[in-house]
Amino acid sequence: KTSVKGIPDQPFDGGSLTPKPVVKLGSKTLKEGADYALSYMKNVNVGTANVTITGKGSLSGKKTVSFKIIPANIEKDMVVAAVGNQAYTGKSIVPKPSIKFGGKALKEGTDYGISYKNNVNVGTATLNIVGKGNYTGSKTSTFKIVAADIARATVSNIADQVYTGRAVAPKPVVKVGGLDLKEGSDYVLSYKNNVKAGTANVVVVGKGN
């Protein structure tokens, strides 16, 4: 027979949510502990939670009311660990940063999803974190893709060349991590001692990525 004032929506915070309803019998506001006790169900995750009011002292019986738990917005309070510089690989780079909200480590796929932009070539890449499940909203972060060191490239053996009286400039095959590089866009070649019989040198100088 009591009246219970509506309970405002409660944002998810990772713990049990126990808002205190205002309970009245007629015009009299009742007191928790003296007139009734409260118990809660389904009061952690996003959805509809229930609070049961059980009479005490001069009051008997039970009454159950519900309230909403809504997703927490990650835009302001999410902490994304900084992603260090990533070396160019020729493929999409998808680092997985540590992400926390309210001091709690979140799980990719359950609490959030990540999408990436501009994450292949040298420059600034962007990752966009979008809340899922108990979280809503989105937050962006960036990281740098830096040029790969051409010194780590593998260069195909160059067959012996026959003297022609002019500069001899064979084109080696250059790879980094199995990726075939392109002369002009990925590297330039220069030569030394490449006219007379003897040992010549070709220098591969990195470019672009």
Side-chain angles (χ1 to χ4, degrees), residues 1-86 91-121 123-145:
K1 294 183 179 180
T2 58
S3 63
V4 181
K5 186 177 180 180
I7 300 172
D9 293 346
Q10 306 289 305
F12 171 82
D13 68 3
S16 296
L17 294 169
T18 56
K20 305 298 184 181
V22 176
V23 183
K24 290 186 175 184
L25 184 61
S27 60
K28 179 184 178 183
T29 301
L30 304 183
K31 293 182 180 180
E32 182 186 359
D35 299 320
Y36 62 87
L38 298 175
S39 61
Y40 297 82
M41 291 183 65
K42 300 179 180 179
N43 63 324
V44 175
N45 295 311
V46 168
T48 300
N50 295 320
V51 54
T52 297
I53 305 157
T54 303
K56 291 182 69 175
S58 299
L59 299 172
S60 63
K62 294 182 178 181
K63 185 168 189 172
T64 299
V65 296
S66 63
F67 62 93
K68 296 287 186 182
I69 300 176
I70 59 176
N73 194 311
I74 65 175
E75 291 180 22
K76 292 182 179 179
D77 297 324
M78 174 178 277
V79 177
V80 182
V83 175
N85 291 347
Q86 307 288 306
K91 300 177 182 178
S92 295
I93 296 175
V94 290
K96 304 295 184 180
S98 169
I99 296 174
K100 292 183 177 182
F101 185 86
K104 176 189 174 185
L106 303 188
K107 293 181 180 179
E108 184 181 1
T110 301
D111 300 320
Y112 64 90
I114 301 183
S115 60
Y116 300 82
K117 285 184 178 180
N118 304 320
N119 62 323
V120 175
N121 295 311
T124 300
T126 301
L127 53 85
N128 188 48
I129 302 150
V130 180
K132 292 181 67 175
N134 289 315
Y135 300 90
T136 188
S138 63
K139 191 165 189 175
T140 60
S141 183
T142 61
F143 61 94
K144 296 286 187 182
I145 299 177

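Predicted, not measured: the structure shown is a model, and the values here were computed from it.
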Contacts of Lys62 that satisfy side chain to side chain donor-acceptor pair (under 3.5 Å) - sequence neighbours left out:
none

Counting C-beta onward and ignoring hydrogens, is there a side-chain heavy-atom pair between Glu108 and Lys96 closer than 4.5 Å?
yes

Worked check of side chain to side chain contact (heavy atoms under 4.5 Å, CB included) between Leu17 and Gln10
CA-CA 8 Å; Leu17 294 169; Gln10 306 289 305; 3.8 Å; yes

Say you draw a straight line from NZ of Lys117 to OG1 of Thr142; how long is it, rounded to the nearest 0.5 Å?
13.5 Å

Glu32 versus Leu38: any side-chain heavy-atom pair under 4.5 Å?
yes

Is Asn119 close to Val94 at the side-chain level, that is, under 4.5 Å between some pair of heavy atoms?
yes

Taking all non-hydrogen atoms of both residues, which atom of Ile74 and which atom of Gly137 are closest, and how far apart?
CD1-O, 3.5 Å

Excluding sequence neighbours, so at least two apart, what forms side chain to side chain donor-acceptor pair (under 3.5 Å) with Lys31?
none

Which residues share a side chain to side chain donor-acceptor pair (under 3.5 Å) with Thr29, sequence neighbours left out
none

Ignoring hydrogens, what is the shortest heavy-atom contact between Gly84 and Phe143? Give both atom names and the distance.
O-CB, 4.4 Å

Smallest heavy-atom separation, Val44 atom then Gly14 atom, equals CG1-O, 4.3 Å

Of the non-hydrogen atoms in Pro97 and Ala81, which two are nearest, and what is the gap between them?
CB-O, 3.6 Å

Could you pull out every donor-acceptor pair under 3.5 Å between side chains of residues 123-135 and any protein atom, sequence neighbours left out?
{"from": "Thr124", "atom 1": "OG1", "to": "Lys144", "atom 2": "NZ", "distance (Å)": "2.9"}
{"from": "Lys132", "atom 1": "NZ", "to": "Gly109", "atom 2": "O", "distance (Å)": "3.0"}
{"from": "Asn134", "atom 1": "OD1", "to": "Val46", "atom 2": "N", "distance (Å)": "2.8"}
{"from": "Asn134", "atom 1": "ND2", "to": "Asn45", "atom 2": "OD1", "distance (Å)": "3.0"}

Taking the side chain as every heavy atom from C-beta outward, state whether Val4 and Lys63 have any atom pair closer than 4.5 Å.
yes

Flag side-chain contact, heavy atom, 4.5 Å: Lys107 against Ile99
no

Lys76: partners by salt bridge (charged side-chain N to carboxylate O under 4.0 Å, His left out), with sequence neighbours left out
none

Test side chain to side chain contact (heavy atoms under 4.5 Å, CB included) on Leu106 and Met78 and set out the steps.
CA-CA 10 Å; Leu106 303 188; Met78 174 178 277; 3.7 Å; yes

So how far is it from Ile69 CD1 to Phe12 CZ, rounded to the nearest 0.5 Å?
8.5 Å

Consider only side-chain N and O atoms of Thr2 and Lys24, and report whether a donor and an acceptor are under 3.5 Å apart.
no

Just verifying a value: how many Å separate Ser138 OG and Ile114 CD1, rounded to the nearest 0.5 Å?
12.5 Å

Would you sort out whether Thr52 and Met41 count as a side chain to side chain contact (heavy atoms under 4.5 Å, CB included), showing the intermediate values?
CA-CA 8 Å; Thr52 297; Met41 291 183 65; 5.6 Å; no

Can you run down the ring-ring contact (aromatic ring centres under 6.0 Å, His included) pairs that involve residues 25-68, sequence neighbours left out, and say none if there aren't any?
none

Interatomic distance, CG@Asn73 vs NZ@Lys139, rounded to 0.5 Å, equals 10.5 Å

Nearest-0.5 Å distance that lies between atom OG in Ser66 and atom CG in Asn43
12.5 Å

Restricting to non-hydrogen atoms, name the atom on Pro11 and the atom on Asp9 that form the minimum distance, rounded to 0.1 Å.
CD-O, 3.9 Å

Quick one: are Pro95 and Ile93 in side-chain contact, heavy atoms under 4.5 Å?
yes

Start with the C-alpha gap between Val51 and Ile7, add the side-chain angles, then the distance that decides, and say whether side chain to side chain contact (heavy atoms under 4.5 Å, CB included) holds.
CA-CA 10 Å; Val51 54; Ile7 300 172; 3.8 Å; yes

Straight-line distance of Ser3 OG to Leu25 CG, nearest 0.5 Å
8.0 Å

